[in-house]
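Written out below as C-alpha cells is the structure these notes cover.
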Amino acid sequence: MTQFDRNMYGETSDEFKRAVACALREKEKPMIKKSITGVAALVIVLIFAIGIGVAANLDVFREFAKFEGDEYLYLIDQSAKSYSDLSVDVPGEGVYPKATFTVNQAHYDGQNLFIAYTLSAPWIPVNFMDPDDALAEGNDITAEQYRINGMPYFDYSASPQDIELMHQKIAEDGRAYFEVRAQMIEDVAVYCGDTKIDALRCNLQRQEDGTTVGYIEFRFPLPEEAQNKEELRLEFLMHRGATQFYQDEAGCYEKGLDGLPVIKLPVTIRKNAQSGVPLQGTCALEDFTVSATMVASDVDVKVDVVMLPGVKTLDELAATISGGRFGYDLYAGDEKCTLLAGMSVYVGADAVNFKMTFKAPETPADFRLVPSIGLSGTVAEETIHFQKGE
C-alpha cells in the first residue's frame, strides 16, 4: 500500500483506505474471494463519468438503476422511503468547505438495510505549486518511498477542469507539482454504537458542482445489534485529507499529508418496512454439509449458505465452485425465482459461503434451494427445503 492509500483520507481504518484505493485503481473484482478469516470482501463499484443527473431531491436509487440498468435497484427504489429532513451540516475548516450530508432514501425492515445519500460540497481547487519546490532542499517528495507507477485517478478528488490542467501542465512543461484535497463519506461501513455494519456493495458519483451522490447496500444478515429495531441509530464517518503529487520525466511520486480527525455523522433510520421471518434448511452428505438461511422481504429474497467440507476437502470444493461447475436455483412452489445479484462466493478458513439475492416470488411459500449443477449424489439429495427455525 502506498503513502497515498494510507493518508489520502485522514485517520481511519486500513480496511477503508485499502478498499477505496483499490476501487479507484481497478476496474473489476473477481467473484471468488479467498480469505483466512472468511470475512466477505466488499464489492465496490465506482462510476467516474459525471452526468447521472441526480439532484438532492430526486430518487437516488432510481437514477442509479437507470444508469446501471439494474432491476434490483428499481425494486429497492420502490420500497425505500424518501426523506427531506435527515441531514447533518459539517462546518468548513481551513481549505475544506462546509458540507451537508443527507440521507435521501432508506429501506430498513429489521433484516435488510439500503441507504442512498448525498454529500453537498463544492470541489476543493487543486493547489498547483512551482515544480522547482519539489526538488528544493528539505522536500523529500521525490524519495524512492513515494515513487508510484503512473499518475492515479483523480476523478473523485479533483474537478474535471483541474484534471485537464494537470495533463496540460505535464504536456507543456514536462512536469507538475500539485496538492489534492478531498472530503468524502466512508461507504464501506457504518456504525451502530460499537457495532460495525459492513457494506456489501456501494456506488458513488461526483456531480459537476462537486456534490457526491451514492448508495450503500449492507451485508445480510445485519449484525444482531442492528436487527429488528424500531429506530436504528447509525453513525457515518466523514474524512478529510490531502496528498501531494509530483511528476517529471524521471517518474511519478505521491506523498500523503496528515489528515484531519474523522467526523461522525449521526443519523436515525426508523423501521419502514415489514421484515421477513428467517427460514432455515440443511443438507448432509458424505462429501459436504450445508446449512442455509433465507429471508423473504418486500424487496427480495436473500439466501445465505454455509458449506462445510466432508470427504471432499475445502480446496476441492472451492476449485469446483470457482470453475463454474456448481450453482443454486431458488423455487417457491413451482415458480423459479429470478436471480437479481449473482452468486457471491467466499472461501474462509474452514467453510465456503454463498450469498444470493432473488426477486420476491408471486407466492412466497414452499421455498427450496435446488442445485443447478450438483456436487455429489442426486439433485434430490442436495435440495434444501426451508422451514421456520425452532
Side-chain angles (χ1 to χ4, degrees), residues 31-33 38-43 70-73 75-76 79 107 109-114 197-201 217-224 226-228 273-285 288-308 317-318 320-322 324-348 351-375 379-390:
M31 182 60 70
I32 302 296
K33 308 289 182 182
V39 176
L42 168 69
V43 178
D70 189 335
E71 180 186 5
Y72 189 31
L73 291 178
L75 296 175
I76 296 171
S79 67
H107 172 94
D109 59 16
Q111 299 289 332
N112 296 284
L113 178 61
F114 306 89
I197 307 176
D198 290 308
L200 175 64
R201 67 167 176 163
E217 174 188 355
F218 293 90
R219 284 187 59 193
F220 170 84
L222 295 173
E224 288 188 13
Q227 293 182 20
N228 301 316
Q274 287 295 111
S275 58
V277 177
L279 304 178
Q280 279 84 38
T282 60
C283 169
L285 296 174
F288 57 86
T289 300
V290 178
S291 61
T293 301
M294 62 151 284
V295 174
S297 71
D298 294 338
V299 179
D300 56 29
V301 179
K302 282 193 168 66
V303 179
D304 190 39
V305 178
V306 177
M307 181 179 291
L308 296 172
L317 289 176
T320 300
I321 294 163
S322 63
R325 299 187 296 277
F326 181 72
Y328 277 117
D329 294 319
L330 180 68
Y331 284 83
D334 295 330
E335 180 184 355
K336 183 179 178 180
C337 300
T338 302
L339 184 67
L340 291 172
M343 183 172 69
S344 299
V345 184
Y346 307 96
V347 182
V352 180
N353 180 225
F354 306 86
K355 294 184 182 295
M356 295 163 285
T357 302
F358 297 88
K359 187 175 181 179
E362 293 292 332
T363 305
D366 189 22
F367 285 103
R368 64 191 185 280
L369 205 57
V370 180
S372 52
I373 304 174
L375 281 177
V379 169
E381 289 176 318
E382 295 185 38
T383 296
I384 299 172
H385 296 270
F386 289 100
Q387 57 188 356
K388 290 183 180 180
E390 298 179 359

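- Residues that satisfy the side-chain contact (heavy atoms from CB on, under 4.5 Å) test with V290, not counting sequence neighbours, are C283, F288, V305, M307, Y328, I384.
- Side-chain atoms of V303 and L330, non-hydrogen and from C-beta on, do get closer than 4.5 Å to each other.
- Residues meeting the side-chain hydrogen bond (donor to acceptor under 3.5 Å, both in side chains) test with D70, sequence neighbours left out: R201.
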Requested in this report: Could you walk me through whether E362 and E335 pass the side-chain contact (heavy atoms from CB on, under 4.5 Å) test, one step at a time?
Outcome: CA-CA 8 Å; E362 293 292 332; E335 180 184 355; 3.7 Å; yes
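- Contact of the V301 side chain with the M294 side chain is registered, since non-hydrogen atoms from C-beta on lie closer than 4.5 Å.
- With sequence neighbours excluded, the residues forming a side-chain hydrogen bond (donor to acceptor under 3.5 Å, both in side chains) with S297 are D300, listed by chain and number.
- Under the side-chain hydrogen bond (donor to acceptor under 3.5 Å, both in side chains) criterion, T383 pairs with no residue, sequence neighbours left out.
- Residues satisfying the ring-ring contact (aromatic ring centres under 6.0 Å, His included) test with Y72, not counting sequence neighbours, are none.
- In this structure, the side chains of M356 and L339 come closer than 4.5 Å at one or more pairs of heavy atoms.
- Side-chain atoms of K355 come within 3.5 Å of backbone N or O of F220 as a donor-acceptor pair.
- Contact of the Q387 side chain with the Q280 side chain is not registered, since no non-hydrogen atoms from C-beta on lie closer than 4.5 Å.
- Contact check for D304 versus N353: side-chain heavy atoms found under the 4.5 Å cut-off.
- Across every non-hydrogen atom of I197 and A226, the tightest pair is CD1-CB, 3.7 Å.
- Side-chain contact between T293 and L279: absent, with no pair of heavy atoms (C-beta onward) separated by less than 4.5 Å.
- For the pair F367 and P361, the minimum side-chain heavy-atom distance is below 4.5 Å.
- Scanning for salt bridge (Lys or Arg N to Asp or Glu O under 4.0 Å) contacts around D329 gives K336, with sequence neighbours left out.
- Rounded to the nearest 0.5 Å, atoms CD (Q227) and CG (L222) are 6.0 Å apart.
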Query raised in the report: Are L113 and H107 close enough, and set up right, to give a side-chain contact (heavy atoms from CB on, under 4.5 Å), and what steps lead you there?
Result: CA-CA 6 Å; L113 178 61; H107 172 94; over 6 Å; no
Query - L369/F386 under side-chain contact (heavy atoms from CB on, under 4.5 Å): CA gap, chis, key distance, verdict - result: CA-CA 8 Å; L369 205 57; F386 289 100; 3.9 Å; yes
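- Counting heavy atoms from C-beta on, the side chains of N112 and K302 come closer than 4.5 Å.
- Qualifying side-chain contact (heavy atoms from CB on, under 4.5 Å) partners for A360, counting only residues two or more places apart in sequence or in other chains: none.
- Under the rule for a side-chain hydrogen bond (donor to acceptor under 3.5 Å, both in side chains), the partners of E71 that lie at least two apart in sequence or sit in another chain are K359.
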